[in-house]
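Read the structure below first, then the notes.
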Amino acid sequence: MEAGGSSPFLPTGSLVLAGRGIFDLERCRMADLETMRHSTAHVMAAAVMRLYPGTKLGVGPTIENGFYYDMDVPGRFTPEDLPSIEEEMRRIVEERHEFDREEMTISDAIERFREVSIADAIDRFREQGQDYKVELLSDLRDRGTTRVTSREDVDVDPGNVETASLYHTGEFVDLCRGPHVTNSGEIGAFKLLSVAGAYWRGDSSRPQLQRIYGTAWATQEELDRHLWQLEEAEKRDHRRIGRDLGLLMFHPWAPGAAFWLPKGTVIYQTLSNFMRHMLVDEGGYVEVRSPLVFNKALWETSGHWEKFRENMFTLESEGQEMALKPMNCPGHMLVYGSELRSYRDLPLRIHDQSVLHRNEVSGTLSGLTRVRQLCQDDAHLFVRPDQIEEEIDALLRLVGRVYGLFGLGYEMELSTRNPQSYLGEVETWERAEANLRNALESNNIPYRLQPGEAAFYGPKIDVHVTDAIGRKWQCATIQLDYQLPERFDLTYVGEDSQRHRPVVIHRAIFGSFERFIAILIEHFAGAFPFWLAPVQAVVLPIADRHAPYAEQVVQRLRAKGFRVELDARRENLNHKIREAQVQKVPYMLVVGDREIEADAAAVRQRTGENLGAIGVDDIIQRFEEEANIGGERNSPSASGSGLG
RNA sequence: GCCGACGUAGCUCAGUGGUAGAGCAGCUGUUUCGUAAACAGCAGGUCGAGGGUUCGAAUCCCCCCGUCGGCUCCA
């Protein structure tokens, strides 16, 4: 495990100069870390080959914080197998094997892996050997790439299709582009984390290989810190906090559908009203409520029946086949089509927070992040072609404003046409993609291009947020659609008194309330900002004789619309404070003899800071200021929405 | 749906073929207390469901459900 000094991966001979030098050094360090992680994957594969002869190798790329390797092993891995593999890896590291690079032509390499397979077969099961590597090489030879999807990691240098490189590490040989550390002794601190099934080349019709995930770092300290972070992240998991804070629950009889408990419902409703305020009061939207169950004719018209039928809950009534809606858009098409529209009516922005159902396959369900029942802060904008950029522009600014309010970091992605699956004309797509790109660029928003990842009806901009354990989730989305208006034959009357086709923009800012709340729970670790906190303050009388006054304080604060509770149990103050802290209540208001005398309460914040006695009227003023988020007064009393 | 793991009290977990346990939470009583856990007692379980093996199953086998980690999918 000795990694050979404090930082063995710093490039020797690179001068650290001010400014850029540090950046370059950091970049070199990252590149070296990746190289080391990939080499660790090789060492792991070598260890598995020793322990499980006959193993066929898939691919073993670097991922964030570590690596994995997909392997077809005789038998099955369980987590109990990992320690012995780690032990074998340490042995290989100690043996200090060189990573020798060998180049050969592809046909030679194919032969070579066949030979390996034959050699293997002698003392093993006489089977084919490294079929997966042979397939990769054949692909490289025939198609010039091993790439299957745009995201697939390649194991072979696509820039050089004449030759393939092999790396030898002791008796272990692997097809690999490299680069690698020069010696297995340079492997840093590592730990194998989990085993999982993974389809060969991501295709569920191909064999399922076994994947081992590991993490690797330059030093033991960095590994320890990463493992500690994983533990900390687990404590933020929205499933744990959601239960501990009494926000939500699940039941086996409603898999994939959350019960929002009273405290969770406060958060849900507060977000719902906040978004309603942003869109309807300020954004020029109108809100509708639309049916949950539709005749399948609607889904046939929209095209979803053909494409997503498997993921829809269907039911039958009086011989009619119906389906629970998985999205709002087709319903909104009917709303638009219900009247003759003028060019003056556009843009028409229809907001809807209806319940949606998607029959996700059971294996994908996960807490609030992957559910079968959800609500989106959905809207469809019916616009003239000349209004597209302006609307996208406004949406990008709205996204920035809302995410900024929560202090959430995010990344934007532009997904363009999938040549294998799209509806409509190529020129229309290209115009739409240009509209989205222009809006992003005129707002100076950095984005990642995702070629081929668009929905079948149009290109889109997705916003991804990272959760506590590093998984990225799509939240906001902005999608252009030229197809649905066509399918529903929607029109508006233009200045020329002719009929024209509107364009639809599908968009959501939170995405689904479920997923967004999951991200907020983890982002705040349950300590919600005052305006969202299910209980904003708890009043704590010190002794029984202080309870009537405490009750008065509670009533005065509630009358101002704040969510305040009384804890008049016969418990020690310490005990009550601890419980309020654990529940992440923003304010604890302690009342005893002195506070009664001064018409005040001693204010403690959940940060642990004690503000001392403050007059009740001043507390009210303080709360009102704090509830006033981002310039919007959002306390329940002001919105008149009956929260609290 | 596929691969793997798991499912014992509200929560966290112990219990590997022989009478179901602990801590915390809960309830009851005592304590009236000044900023993160007072003390004592009590109660709490068809061991996820169903089937099988066995004299006997939480424990072994089968099947189903759910949860978790991934894969696939994600309008």
Side-chain angles (χ1 to χ4, degrees), chain A residues 68 70 76-81 193-213 234 237 239-240 243-244 246 249-256 299 302-312 325-330 356 358-367 369-371 376 453-458 460 462 469 471 473-474 477 479 481 483-484 506 512 515 540-547 568-583 588-595 602-606 608-613:
Chain A
Y68 67 78
D70 285 347
R76 300 280 174 212
F77 285 137
T78 70
E80 286 76 56
D81 297 325
L193 297 176
S194 58
V195 294
Y199 297 107
W200 170 236
R201 312 191 97 173
D203 182 344
S204 56
S205 68
R206 307 291 306 267
Q208 192 163 35
L209 310 184
Q210 297 194 63
R211 175 175 295 179
I212 299 180
Y213 284 94
E234 218 172 291
D237 190 311
R239 291 165 295 199
R240 169 195 286 264
R243 187 188 56 228
D244 291 349
M249 58 173 261
F250 288 91
H251 192 278
W253 289 351
W299 309 111
S302 71
H304 290 99
W305 190 253
E306 191 190 349
K307 208 158 159 55
F308 294 105
R309 181 184 186 168
E310 294 305 307
N311 294 317
M312 291 166 70
K325 70 174 166 187
M327 84 291 293
N328 292 308
C329 23
L356 306 178
R358 297 177 176 190
N359 197 0
E360 307 285 1
V361 294
S362 55
T364 64
L365 300 178
S366 174
T369 42
R370 198 68 196 274
V371 289
Q376 295 177 324
E453 296 295 312
F456 66 95
Y457 52 69
K460 60 180 181 174
D462 283 333
I469 47 182
R471 291 181 294 201
W473 297 101
Q474 183 217 301
T477 184
Q479 310 184 353
D481 184 356
Q483 302 310 320
L484 279 181
H506 306 245
S512 79
R515 177 174 294 179
L540 307 176
I542 289 173
D544 285 351
R545 66 178 180 282
H546 309 125
R569 292 173 305 165
R570 291 168 59 87
E571 289 287 352
N572 293 333
L573 181 61
N574 277 335
H575 186 87
K576 296 190 213 179
I577 285 183
R578 179 183 152 76
E579 288 201 354
Q581 288 283 156
V582 169
Q583 289 293 308
M588 284 145 268
L589 306 179
V590 177
V591 297
D593 295 332
R594 298 199 294 269
E595 286 74 23
V603 178
R604 178 195 163 102
Q605 293 179 291
R606 70 181 160 205
E609 193 181 353
N610 193 340
L611 303 179

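Proteins get letters first, then strands, A, B, ... in listed order; numbering begins at 1 in each.
- When side chains are defined from C-beta on, A/Lys576 counts as touching A/Pro541, because their heavy atoms get closer than 4.5 Å.
- Here A/Trp200 pairs with A/Glu135 under the side-chain hydrogen bond (donor to acceptor under 3.5 Å, both in side chains) rule; sequence neighbours left out.
- Taking the salt bridge (charged side-chain N to carboxylate O under 4.0 Å, His left out) definition, one finds that A/Asp593 meets it with A/Arg545, sequence neighbours left out.
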Which protein N or O atoms sit under 3.5 Å from an N or O of nucleotides 63-66 of chain B?
none

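- Applying the side chain to side chain contact (heavy atoms under 4.5 Å, CB included) criterion to A/Gln581, with sequence neighbours excluded, gives A/Ile577, A/Met588, A/Arg604, A/Arg606.
- Residues passing the ring-ring contact (aromatic ring centres under 6.0 Å, His included) test with A/Phe250: none are found, sequence neighbours excluded.
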N/O-N/O pairs, protein side and nucleotides 59-62 of chain B side, under 3.5 Å:
none

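- The pairing partner recorded for B/A25 is none, the criterion being a Watson-Crick or G-U wobble arrangement whose two distances lie under 3.5 angstrom.
- For the atom pair OG of A/Ser366 and CZ of A/Arg515, the computed distance is 9.5 Å after rounding to the nearest 0.5 Å.
- Both A/Gln208 and A/Arg358 lie near RNA chain B, and the one whose nearest nucleotide falls closer to the 5' end is A/Gln208.
- For B/G1, the OP1/OP2 oxygens have no side-chain nitrogen or oxygen of A/Thr364 closer than 4.0 Å.
- Ion pairing between A/Asp203 and A/Arg201 fails under the 4.0 Å rule for side-chain N and carboxylate O.
- Put simply, CH2 on A/Trp473 is 12 Å from C1' on B/C73, counting in whole angstrom units.
- With a cut-off of 3.5 Å on both pairing distances, the Watson-Crick or G-U wobble partner of B/G50 is B/C62.
- Remark: A/Leu540 CG to A/Asn574 CG distance equals 11.0 Å, nearest 0.5 Å.
- In this structure, of B/G4, B/C71, B/C11, it is B/C11 that holds the atom nearest to the side chain of A/Arg243.
- Among the heavy atoms of the strands lying under 4.0 Å from A/Tyr457 are primed sugar atoms or P, OP1, OP2 only; no base atom is included.
- Residue A/Val195 places its side chain closer to B/G4 than to any other of B/G69, B/G4, B/A75.
- Taking atom P in both B/A43 and B/A49, the straight-line distance is 24 Å, to the nearest Å.
- Aromatic ring pairs are classed by plane angle as parallel below 30°, tilted from 30° to 60° and perpendicular above 60°; the pair A/His506 and A/Tyr457 is parallel.
- When both distances must be under 3.5 Å, the Watson-Crick or G-U wobble mate of B/A57 does not exist.
- For the pair A/Arg370 CZ and B/G1 P, the interatomic distance rounds to 14 Å; values are reported in whole Å.
- Base-pair partner of B/G45: not found among the strands shown (Watson-Crick or G-U wobble, both distances under 3.5 Å).
- Closest-nucleotide positions on RNA chain B for A/Gln210 and A/Cys329 were compared, and the one nearer the 5' end corresponds to A/Gln210.
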Indicate for each nucleotide in nucleotides 33-40 of chain B, in 5' to 3' sequence, whether protein heavy atoms under 4.0 Å reach the base (B), only the sugar-phosphate (S), or nothing (-).
BBBBBB--
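- Residues passing the side chain to side chain contact (heavy atoms under 4.5 Å, CB included) test with A/Leu365 are A/Pro255, A/Glu360, A/Arg372, sequence neighbours excluded.
- For the pair A/Asp244 and A/Gln583, the tightest heavy-atom approach, listed with the atom from each and the gap, is O-NE2, 3.3 Å.
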If you restrict it to nitrogen or oxygen atoms, what contacts under 3.5 Å exist between nucleotides 27-29 of chain B and the protein, and what is each distance?
none

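- Nucleotide B/A75 holds its C1' atom 4 Å from the NE2 atom of A/His304, rounded to whole Å.
- With C1' as the reference atom, B/A9 and B/A22 are 11 Å apart, rounded to whole Å.
- When both distances must be under 3.5 Å, the Watson-Crick or G-U wobble mate of B/G17 does not exist.
- Base pairing of B/A9 is not made with any nucleotide, judged by Watson-Crick or G-U wobble geometry with both donor-acceptor distances under 3.5 Å.
- B/C68 is paired with B/G4 under the Watson-Crick or G-U wobble criterion, all donor-acceptor distances under 3.5 Å.
- As a whole-Å value, the separation of A/Asp244 CG from B/U12 C1' is 10 Å.
- Protein atom OH of A/Tyr199 is 14 Å distant from nucleotide atom C1' of B/G69, rounded to whole Å.
- Proximity of A/Asp81 to A/Val195: side-chain heavy atoms (C-beta onward) are nowhere separated by under 4.5 Å.
- Comparing B/A57 with B/C61, their C1' atoms sit 11 Å apart, to the nearest whole Å.
- At the heavy-atom level, A/Tyr213 lies under 4.0 Å from the strands shown only through sugar-phosphate atoms.
- The CD atom of A/Glu595 sits 10.0 Å away from the CG atom of A/Leu589 when rounded to the nearest 0.5 Å.
- The distance between atom CG of A/Asp203 and atom P of B/C71, rounded to the nearest whole Å, is 15 Å.
- A/Ser204 is linked by a side chain to side chain contact (heavy atoms under 4.5 Å, CB included) to A/Tyr199, counting only residues two or more places apart in sequence or in another chain.
- Scanning for side-chain hydrogen bond (donor to acceptor under 3.5 Å, both in side chains) contacts around A/Lys325 gives A/Ser290, A/Asn328, A/Ser354, with sequence neighbours left out.
- Interatomic distance, A/Gln474 CD to A/Asp462 CG, rounded to the nearest 0.5 Å: 4.0 Å.
- Scored by the ring-ring contact (aromatic ring centres under 6.0 Å, His included) test, A/Tyr213 finds A/Tyr68 as partners (sequence neighbours excluded).
- In this structure, A/Ser302 reaches neither bases nor backbone, as no heavy-atom distance under 4.0 Å exists between it and the strands shown.
- As judged by a 4.0 angstrom heavy-atom cut-off over every strand, A/Gly367 is placed among residues touching the sugar-phosphate backbone only.
- Taking only distance into account, the side chain of A/Tyr68 never meets the base of B/G70 through a donor-acceptor pair shorter than 3.5 Å.
- Taking the P atom of each, B/C2 and B/C64 are spaced 9 Å apart, rounded to whole Å.
- Distances shorter than 4.0 Å separate none of the side-chain N or O atoms of A/Arg211 from OP1 or OP2 on B/C3.
- Residue-level contact check: A/Ala196 touches the bases, meaning some heavy atom is under 4.0 Å from a base atom.
- On the C1' atoms, B/C6 is 16 Å away from B/A14, given to the nearest whole Å.
- In this structure, NE2 on A/His575 lies 4.0 Å from CD on A/Glu579, to the nearest 0.5 angstrom.
- As judged by a 4.0 angstrom heavy-atom cut-off over every strand, A/Leu365 is placed among residues touching the sugar-phosphate backbone only.
- Taking atom P in both B/G48 and B/U59, one finds a spacing of 8 Å when rounded to whole Å.
- Atom-to-atom, CG of A/Leu193 to C1' of B/C68 comes out at 15 Å; the value is rounded to the nearest Å.
- Under the Watson-Crick or G-U wobble criterion, with both distances below 3.5 Å, B/A37 has no partner in any strand shown.
- As a whole-Å value, the separation of A/Phe77 CZ from B/C71 P is 17 Å.
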